[in-house]
Structures are given as C-alpha cells and as structure tokens.
Number of protein chains: 2
Amino acid sequence: MPTETTSRLNLSYERLNNYCCRLTRPRQVILDVLDKVDRHLNAEQIYKRASEIYPTLGLATVYRNLELLVRIGLVWKFDVGDDKTRYEIAQWSRETHHHHLICKKCNSVIDYSESIDNERDFLREREKNLSRKYNFKIENHCIDFFGLCSKCKNTD
Amino acid sequence: MPTETTSRLNLSYERLNNYCCRLTRPRQVILDVLDKVDRHLNAEQIYKRASEIYPTLGLATVYRNLELLVRIGLVWKFDVGDDKTRYEIAQWSRETHHHHLICKKCNSVIDYSESIDNERDFLREREKNLSRKYNFKIENHCIDFFGLCSKCKNTD
DNA sequence: TCTCCTATTGAGAATGGTTCTCATTAATAC
DNA sequence: GTATTAATGAGAACCATTCTCAATAGGAGA
Ligand SMILES: [Mn+2]
Ligand SMILES: [Mn+2]
Ligand SMILES: [Zn+2]
Ligand SMILES: [Zn+2]
C-alpha cells in the first residue's frame with residue numbers, strides 16, 4: 001500500500017523521466033525534503049535539511065535542481081518580502097490547491113483553501129476574458145493577501 | 001488650471017509633509033519620473049531617467065527614497081521574474097486601480113482594469129472571510145496572471 | 001533673512017542570495 | 001562492462017541592494 005508521500009514522489013520521478021532528466025541522488029533527496037510537511041522553505045533551508053540525508057550535497061546543486069523542478073512544474077516558487085525565494089511542492093489537485101496569507105512583519109505564510117473552488121472559478125472566468133482581450137496566453141495565476149498574522153498583530 | 005500630473009504631485013508632496021519628510025530635490029525628481037507614463041520601471045531605470053534631470057543624484061538615494069515612498073503608500077513595488085524590483089506610482093482611485101498580466105518570457109507587464117470592480121468586490125469578500133477565520137489583518141492583495149504576451153506567444 | 005539642527009545625500013564599500021566555471025563523478029543507453 | 005555526457009561539488013564571480021560616513025541642505029525657529 002503506497003503512502004500518499006511515496007506515490008507523490010513516484011509521480012515526480014516519472015515526470016523527471018519524461019523530461020529526460022536523470023534520477024540522481026541529489027534530486028531524490030531534494031524532492032524528499034520538499035515532500036515533507038514543512039512548506040515555504042528557502043533554498044538555504046532546503047539545503048540544510050537535504051544535507052543531513054546526503055552530506056556531500058552542494059548548495060549550487062540545490063539551486064540548480066530547484067530551478068529545474070520549477071521549470072517542469074513539480075515545484076512552485078514565490079517571494080514573501082524577505083530576499084529569499086521560497087519553494088513548495090506543486091499542489092495542482094483540487095483537494096490541495098491553495099493560496100497564501102503572507103505576514104509582512106514576520107514573513108510567515110499561511111495556506112488557505114476554503115472557498116478555493118470559488119476563487120478558482122472566478123479566476124478561470126477572468127483568465128478567459130483577459131486572454132481573449134489581450135491575446136495573452138495565461139499559464140498560471142498568483143493571488144496573495146498581505147498583512148499581519150495574529151501574532152504580529154498583537155505586538156505592534 | 002492644474003494638470004492631472006501636477007495635482008498628483010502636489011498630493012504626493014502633501015503626503016511627504018504629513019510624514020515629516022523633507023521635500024528634497026531628489027524626492028521631487030524621483031516622483032516626477034514615477035509620475036510619467038512609463039510604468040513598471042526598475043530602480044536602475046528610474047535612476048537613469050532621474051539623473052538626466054538632476055545629474056548629481058546617487059543610486060543609493062533612489063533606492064532609499066523608493067523604499068520610503070513604498071512605506072508611506074505613494075508607490076507600489078512588485079516583482080515580475082527578472083531579479084529587479086519594479087516600481088509604479090500608487091493608483092488607489094477607482095478609475096486607475098488595476099492588476100497585471102506578466103509575460104514570463106520578456107517580463108513585460110500589461111495593466112488591465114476591465115471588470116476590476118468585480119475583482120475588487122470579490123477580493124474584499126474573501127478578505128473579510130479570511131481575516132475573520134485566521135485572525136489575520138489583511139492590508140493589501142496581489143493578483144497577477146502569468147503567461148505569454150502576444151509577441152512572445154508567436155515566437156516560440 | 002540668518003542660524004542651527006539634523007534629516008538627507010552621494011560615493012564607494014560591503015553584503016548576500018544566486019549563478020557560473022570547471023574538473024570530476026555517476027546515470028543510463030547499448 | 002563500456003562509453004557518453006548529464007549532473008555534481010567547491011569555490012569564485014556576479015550583481016541588485018544595503019550600508020557607512022563625511023558633507024550637504026531642508027526648514028523650524030529666532
Ligand atoms: Mn503554500
Ligand atoms: Mn501597473
Ligand atoms: Zn507575522
Ligand atoms: Zn512577452
């Protein structure tokens with residue numbers, strides 16, 4: 001019985017294969033770290049955790065592979081306001097798709113998915129109109145809310 | 001008869017005053033550049049244009065003041081995918097508020113404002129629900145669509 | 001208009017996240 | 001196995017942005 005995690009990893013490996021990318025140890029380890037619950041990590045954090053599993057790993061390799069994984073759609077990258085790009089495993093499925101609440105003060109990120117179907121429908125409709133009007137091929141969207149998290153709100 | 005531009009600049013000066021910031025020549029010039037039609041410039045581009053008006057201007061001063069203007073709400077900053085932060089004069093009014101279509105290939109930005117009222121209402125409703133549920137004080141939102149502009153779509 | 005205080009400036013150095021280089025290693029097709 | 005070449009690790013390089021610090025100039029008050 002494959003766990004959710006192993007099946008997600010297998011899908012990732014398959015995708016790498018489709019893109020003619022070799023399934024190297026560093027890639028496995030990086031995907032493994034991204035697959036864990038902690039999300040929204042920056043490259044340095046991913047490097048640190050992956051190094052514990054595979055100590056000879058190099059930081060440049062982490063950057064190179066994150067870039068690759070983003071390019072082939074297995075990973076999402078985004079910014080929150082500090083100057084470190086954040087990464088998280090791509091969540092395309094209807095159950096896990098989500099958007100973000102981003103705290104301007106502590107740069108923490110909250111995933112939310114309530115009414116995400118509403119948002120998705122709404123955005124799809126907008127995309128249809130906009131792409132027609134501007135002859136623009138929309139590939140993905142970004143919707144974020146910025147402000148103060150509950151902690152930071154009370155320590156002003 | 002004040003033009004739209006001069007009145008917008010006057011409002012900016014007033015705002016600076018309210019925040020007890022001196023109305024220096026560099027600030028005037030930077031605001032003047034931002035107030036021109038070309039939007040979505042990066043710091044270097046703003047520096048270049050402002051230098052033509054005020055040649056002794058320093059790049060650090062541009063960065064410092066852009067930061068200030070963002071902080072007091074006169075300027076918006078955002079990223080498009082190259083590694084240079086973009087800036088544009090804040091457009092809060094109902095007539096000029098807009099969102100962005102961003103080309104992943106050439107990093108150009110298209111302003112759109114059709115159905116922006118719909119979007120705004122929709123987002124406001126979401127903000128209300130989310131801030132209650134997560135005890136999160138939402139201060140602003142970001143909604144962008146990424147893809148390929150009409151030019152880049154045809155040169156793949 | 002003059003003076004004083006200090007916010008602001010300009011130049012260049014420093015920072016730090018990310019990318020590049022290059023010799024070495026290892027995945028995979030045959 | 002062997003050959004091919006994609007991928008790696010280490011460190012240097014890059015470059016947008018921030019910092020430092022002595023010099024300058026707003027603007028409040030006299
Ligand atoms: Mn997330
Ligand atoms: Mn715009
Ligand atoms: Zn916070
Ligand atoms: Zn384009």
Side-chain angles (χ1 to χ4, degrees), chain A residues 9 12-33 40-72 74-75 77-87 107, chain B residues 9 12-33 40-72 74-75 77-87 107:
Chain A
L9 282 178
S12 301
Y13 297 160
E14 207 173 304
R15 175 84 69 112
L16 279 173
N17 217 358
N18 288 344
Y19 278 85
C20 302
C21 299
R22 295 178 180 173
L23 183 53
T24 62
R25 198 73 223 292
R27 277 175 194 161
Q28 292 176 19
V29 174
I30 290 167
L31 274 169
D32 198 44
V33 167
H40 319 129
L41 301 179
N42 61 41
E44 187 75 34
Q45 293 170 319
I46 293 166
Y47 168 63
K48 231 176 220 146
R49 299 190 187 204
S51 299
E52 289 169 13
I53 306 170
Y54 184 65
T56 64
L57 182 66
L59 180 56
T61 302
V62 172
Y63 275 105
R64 270 188 301 243
N65 280 305
L66 287 172
E67 195 196 342
L68 167 72
L69 294 170
V70 168
R71 187 153 19 91
I72 69 179
L74 287 175
V75 167
K77 77 190 246 190
F78 60 100
D79 292 300
V80 302
D82 56 5
D83 287 311
K84 298 164 191 173
T85 303
R86 307 281 192 109
Y87 301 86
N107 293 317
Chain B
L9 282 179
S12 300
Y13 297 161
E14 208 174 303
R15 175 84 70 112
L16 279 174
N17 217 357
N18 287 344
Y19 279 85
C20 301
C21 300
R22 295 179 180 171
L23 184 53
T24 62
R25 197 74 221 294
R27 276 174 195 164
Q28 292 176 20
V29 174
I30 289 166
L31 275 169
D32 198 44
V33 168
H40 318 127
L41 301 179
N42 61 40
E44 186 75 35
Q45 294 171 317
I46 293 166
Y47 169 64
K48 231 175 220 147
R49 298 189 186 203
S51 299
E52 290 168 12
I53 306 171
Y54 184 65
T56 65
L57 182 66
L59 179 57
T61 302
V62 173
Y63 275 104
R64 271 188 300 243
N65 281 304
L66 287 172
E67 193 197 344
L68 168 70
L69 294 170
V70 168
R71 188 154 17 93
I72 69 180
L74 287 175
V75 166
K77 78 190 247 189
F78 60 100
D79 292 301
V80 303
D82 54 6
D83 287 310
K84 298 163 190 173
T85 303
R86 307 280 191 110
Y87 301 86
N107 294 318

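Residue numbers begin at 1 in each chain, while the letters A, B, ... track the order of the sequences.
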Under 4.0 Å from OP1 or OP2 of dT8(C): is there any side-chain N or O of Thr61(B) that close?
no
What is the nucleic acid contact for Arg27(B), judged by heavy atoms within less than 4.0 Å: base, sugar-phosphate only, or nothing?
sugar-phosphate
Is the backbone N or O of Arg22(B) less than 3.5 Å from a side-chain atom of Arg27(B), with the two atoms forming a donor-acceptor pair by type?
yes
Roughly how many Å is it from CG in Asp82(A) to P in dG17(C), rounded to a whole number?
9 Å
5' priority, DNA chain C, between Leu23(A) and Arg22(B) [closest heavy atom]
Arg22(B)
Which nucleotide in dA7(D), dT8(D), dA10(D) has an atom nearest any side-chain atom of Pro26(A):
dT8(D)
Using whole Å, report how far CG of Asn65(B) lies from C1' of dA7(C).
11 Å
Between Lys84(B) and Asn17(B), just flag the one whose closest nucleotide in DNA chain D comes earlier from the 5' side.
Lys84(B)
Answer with base, sugar-phosphate or nothing: what part of the nucleic acid does Thr24(B) contact at a heavy-atom distance below 4.0 Å?
sugar-phosphate
Rounded to whole Å, the OH-P distance (Tyr54(B) to dT9(C)) equals 8 Å
Which is true for Tyr47(B) with a 4.0 Å heavy-atom rule: it touches a base, it touches only sugar-phosphate, or it touches nothing?
nothing
To the nearest Å, how far apart are Leu66(B) CG and dT8(C) P?
15 Å
dT9(C) P sits how many Å from Leu59(B) CG, rounded?
13 Å
Side chains of Ser12(A) and Arg15(A): is there a donor and an acceptor less than 3.5 Å apart?
no
What's the separation between atom CD1 in Ile72(B) and atom CG in Asn18(B), rounded to the nearest 0.5 Å?
9.0 Å
Supply the atom-to-atom distance Ile30(B) CD1 to Leu74(B) CG, rounded to the nearest 0.5 angstrom.
12.5 Å
Closer than 4.0 Å, any side-chain N/O of Thr85(B) to the OP1 or OP2 of dA16(D)?
no
What integer distance in Å separates Tyr63(A):OH from dG9(D):P?
15 Å
For residues Leu59(A) and Tyr63(A), determine if any side-chain heavy atom of one lies less than 4.5 Å from a side-chain heavy atom of the other.
yes
Taken to the nearest whole Å, CG/Leu68(A) to C1'/dA7(D) is 11 Å
How many whole angstroms separate atom CZ of Arg25(B) from atom C1' of dG10(C)?
16 Å
For Asn42(A), answer base if it contacts any base atom (sugar-phosphate contacts may also be present), sugar-phosphate if it contacts only those atoms, and nothing otherwise; contact means non-hydrogen atoms under 4.0 Å.
nothing
Base dG9(D) paired with Arg64(A) side chain (donor-acceptor, <3.5 Å)
yes
